[in-house]
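Notes for the one structure printed next.
Whatever order the structure lists ligands and atoms in, that order sets their numbers, starting from 1.
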Amino acid sequence: METLTLQPLSHASGEVQIPGSKSLSNRILLLAALAQGTTRITNLLDSDDVRHMLNALRALGVDYELAQDRRSCSLSGLGQAFDASAALELFLGNAGTAMRPLCAALCASKGEFTLTGEPRMYERPIGDLIDALRPLGAQVEYLGEAGYPPLKIQAAGLKGGEVSIRGNISSQFLTALLMAAPLAEGDLVINVDGELVSKPYIDITLHTMKLFGVEVDNQNYQRFVIKAGQTYRSPGEVMVEGDASSASYFLAAAAIAGGTVRVYGVGADSVQGDKAFAEVLGKMGAEVSYGPTWIEVSKGALKGVDLDLNAIPDAAMTIATTALFADGPTAIRNVYNWRVKETDRLSAMATELRKVGADVVEGEDFIEITPPAQLQSAAIDTYDDHRMAMCFSLAAFGDAPITINDPGCTRKTFPEYFDLFAQVTR
Ligand SMILES: O=C(O)C1=C[C@@H](OP(=O)(O)O)[C@@H](O)[C@H](O)C1
Ligand SMILES: C=C(OP(=O)(O)O)C(=O)O
């Protein structure tokens, strides 16, 4: 296994151009494929999750040309749902933003599709989405455990109607249903059953659908109405915003170490909920300013916070390691679904924070972190979770070296992370 040892760091400053958003890249690619017309996409993310979407679209007969650096793409939309004459198997890695939305869009298409992925994908639930799709006519078979991929879809389109979907495990189920809705034969009414987690990701979905010409009547995130007769139409050119979750590591580095870091590509105008990460750093005591397309953070004396971070589950992981440098304990609450992401993130986070000396309470849906007087040197296991690798790079701001096991796992969303981190912390 590859490892990377970070010697103790004391400084972070500079400017970072943040690569494209995973959430936006995969939504834009899917809607561009379904839309009428050609879409020219710039600042596309080049990472495993996006490659899985691109490979699936190619197999589904979508024509596109990628630039050599894979960061811009010209894609000819089908102007309709997918239609495959031969049975297809699509491998989607561990990309939730590919598996869930493609599953719904394929149910609304024609053909026989088998959706596979990495072993961890087979432990990540999808049953709530399938339960919502079946009353609309979807024929889905679980090839392994019920409620989980791999799946076999015998697709013959979706009818309209009124359905309920549970939102307490992943917002991606609702996102998937929303994006497939215009492909259904009639009006679709979606009722959210119970709590909806990760709500800002629904805003990203509605924003992207609107960009492609589809209006959704959002009734307080509890009921969504999508009128039939709407078709996705290409807006022509689309630029993908920088990834707000990827920005969090650099902003946290500035808050911890001193100096000033400005990230470009994501700012006050961003549609991504994770732009609010910097506000959390502000509550911890950092100095924060926003421009339309940038965010800047400088050091303050950091104090612990006690916050519900359900709305920003990805960036919340960065708060967990930033908490190592606060004066006093930090609690991150209402993050049960950390358990069903790339790994069980509550358990992984607790285990690795203890290795550097923190005192940690792991609850069913929360984590409390009391920082040690001095961080200990440790080899951090990353559990094939890009965010474990990235957020533990911040532990190197203590006085002891930190080894990151399998740093290459950042390829899921941010292959060049450690190079950029080295530039900012040099
Ligand atoms: O829709 C999206 O793009 C995402 C939604 C979130 O997942 P959940 O809704 O499962 O929390 C987030 O953690 C994931 O990285 C991306
Ligand atoms: C949860 C994540 O990914 P996915 O899109 O696979 O759900 C993540 O990137 O932190």
Side-chain angles (χ1 to χ4, degrees), residues 19-31 45 47-53 92-104 115 117-118 120-129 149 165-179 192 195-209 221 240-241 243-249 270-274 277 309-318 320 334-346 348-349 365 382-391 409-415 417:
S21 150
K22 166 198 75 170
S23 294
L24 282 161
S25 292
N26 274 354
R27 281 167 173 78
I28 289 167
L29 284 169
L30 177 58
L31 296 194
L45 177 63
S47 80
D48 276 2
D49 278 9
V50 177
R51 268 166 210 254
H52 292 309
M53 177 62 88
L92 303 174
N94 190 13
T97 55
M99 177 62 81
R100 280 81 180 251
L102 274 170
C103 171
L115 304 188
E118 290 170 16
R120 175 62 182 169
M121 186 52 103
Y122 299 166
E123 298 172 351
R124 298 184 65 190
I126 198 163
D128 292 339
L129 174 59
I165 189 157
R166 280 155 54 93
N168 64 331
I169 293 295
S170 171
S171 70
Q172 291 177 357
F173 305 147
L174 174 58
T175 280
L177 199 53
L178 284 164
M179 292 205 288
V192 178
E195 184 197 1
L196 174 62
V197 296
S198 307
K199 212 190 251 179
Y201 289 94
I202 299 303
D203 295 326
I204 303 182
T205 302
L206 299 179
H207 166 91
T208 313
M209 289 174 70
Y221 299 89
V240 179
E241 292 179 7
D243 192 297
S245 321
S246 297
S248 69
Y249 313 104
S270 169
V271 65
Q272 298 167 73
D274 274 8
F277 170 79
L309 295 183
N310 186 280
I312 58 164
D314 294 357
M317 291 181 72
T318 315
N334 201 9
V335 288
Y336 170 78
N337 83 353
W338 272 18
R339 294 196 184 277
V340 291
K341 296 189 186 257
E342 280 73 340
T343 184
D344 178 340
R345 288 176 167 173
L346 273 161
M349 187 60 81
D365 68 347
T382 51
Y383 308 81
D384 207 14
D385 183 348
H386 53 140
R387 297 201 196 283
M388 286 296 289
M390 294 190 282
C391 65
C409 68
T410 68
R411 69 181 82 81
K412 185 173 192 285
T413 57
F414 203 166
Y417 174 71

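- Ion pairing between K22 and D48 fails under the 4.0 Å rule for side-chain N and carboxylate O.
- Residue contact check: T97 has heavy atoms under 4.0 Å from atoms 5 (O) of ligand 2.
- Judged purely by atom type and a 3.5 angstrom limit, Q272 uses its side chain to pair as donor or acceptor with the backbone of A244.
- Within the 4.0 Å heavy-atom cutoff, N337 counts among the residues contacting ligand 1.
- Only side-chain heavy atoms of R124 come within less than 4.0 Å of ligand 2; its backbone N, CA, C and O stay farther off.
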>> Could you walk me through whether H386 and S47 satisfy the side chain to side chain contact (heavy atoms under 4.5 Å, CB included) test, starting with their C-alpha distance in whole Å, then the side-chain angles of each, then the deciding distance to 0.1 Å, before giving a yes or no?
In response: CA-CA 11 Å; H386 53 140; S47 80; over 6 Å; no

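- The shell of residues lying under 4.0 angstrom from ligand 1, judged by heavy atoms, excludes R100.
- Counting heavy atoms under 4.0 Å from ligand 2, residue D314 touches it through the side chain alone.
- Looking at atom 10 (O) of ligand 2, its nearest protein heavy atom turns out to be R387 NE, 2.6 Å.
- In terms of protein heavy atoms, atom 9 (O) of ligand 2 is closest to K22 NZ, 2.7 Å.
- Between the R100 side chain and the G96 main chain, no donor and acceptor come within less than 3.5 Å of each other.
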>> Go through it in stages, so that I can follow the logic: the residues are D243 and F414, the test is side chain to side chain contact (heavy atoms under 4.5 Å, CB included), and I'd like the CA-CA distance, side-chain angles, deciding distance and then a yes or no.
In response: CA-CA 9 Å; D243 192 297; F414 203 166; over 6 Å; no

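- Per-residue contacts place T97 under 4.0 angstrom from the following atoms of ligand 1 (heavy atoms of the residue considered): 2 (C), 3 (O).
- At the top of the distance list for atom 9 (O) of ligand 1, counting protein heavy atoms only, stands S171 OG, 2.5 Å.
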> Checking side chain to side chain contact (heavy atoms under 4.5 Å, CB included) for the pair T175/T97: CA distance, chi angles, key distance, verdict?
Replying inline: CA-CA 9 Å; T175 280; T97 55; over 6 Å; no

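- Counting protein heavy atoms only, atom 10 (O) of ligand 1 is closest to S170 OG, 2.6 Å.
- Looking at ligand 1, you'll find an N or O of R27 within less than 3.5 Å of one of its N or O atoms.
- Partner E342 forms a salt bridge (Lys or Arg N to Asp or Glu O under 4.0 Å) with one of R387, K412, R120 and no other, that one being K412.
- Short contacts between ligand 1 and S23, defined as distances under 4.0 Å to a heavy atom of the residue, involve ligand atoms 2 (C), 3 (O), 16 (C).
- Residue contacts with ligand 2: R345 is included, with a non-hydrogen atom under 4.0 Å away.
- With K341, E342, M390 as candidates, the residue nearest to atom 3 (O) of ligand 2 on a non-hydrogen basis is E342.
- No more than 12 heavy atoms of other residues, nucleotides or ligands sit less than 6.0 Å from atom OH of Y336.
- Within ligand 2, the atoms closer than 4.0 Å to a non-hydrogen atom of Q172 are 4 (P), 5 (O), 7 (O), numbered from 1 in the order shown.
- Per-residue contacts place D314 under 4.0 angstrom from the following atoms of ligand 1 (heavy atoms of the residue considered): 12 (C), 13 (O), 14 (C), 15 (O).
- The contact set between ligand 2 and N94, taken as ligand atoms under 4.0 Å from a residue heavy atom, comprises 6 (O).
- Counting only heavy atoms of the protein, atom 8 (P) of ligand 1 lies nearest to K341 NZ, 3.2 Å.
- Note on ligand 2: K412 sits in its first shell, one or more heavy atoms being nearer than 4.0 Å.
- Side-chain N/O atoms of S198 and S171 include no donor and acceptor closer than 3.5 Å.
- Between the side chain of D203 and the backbone N or O of G273 there is no donor-acceptor pair closer than 3.5 Å.
- At least one heavy atom of H386 sits closer than 4.0 Å to an atom of ligand 2.
- The S198 neighbourhood of ligand 1 comprises atoms 8 (P), 9 (O), 11 (O), with distances under 4.0 Å to a heavy atom of that residue.
- N94 contributes no side-chain N or O that, together with a main-chain N or O of E118, makes up a donor-acceptor pair within less than 3.5 Å.
- At a 4.0 Å heavy-atom cut-off, ligand 2 touches A95 through the backbone alone.
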> What do the steps show when you test M53 against L30 for side chain to side chain contact (heavy atoms under 4.5 Å, CB included), and what is the final call?
Replying inline: CA-CA 8 Å; M53 177 62 88; L30 177 58; 4.0 Å; yes

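- Of the possible donor and acceptor atoms, one in the side chain of R124 sits under 3.5 Å from a partner among the backbone N and O of V340.
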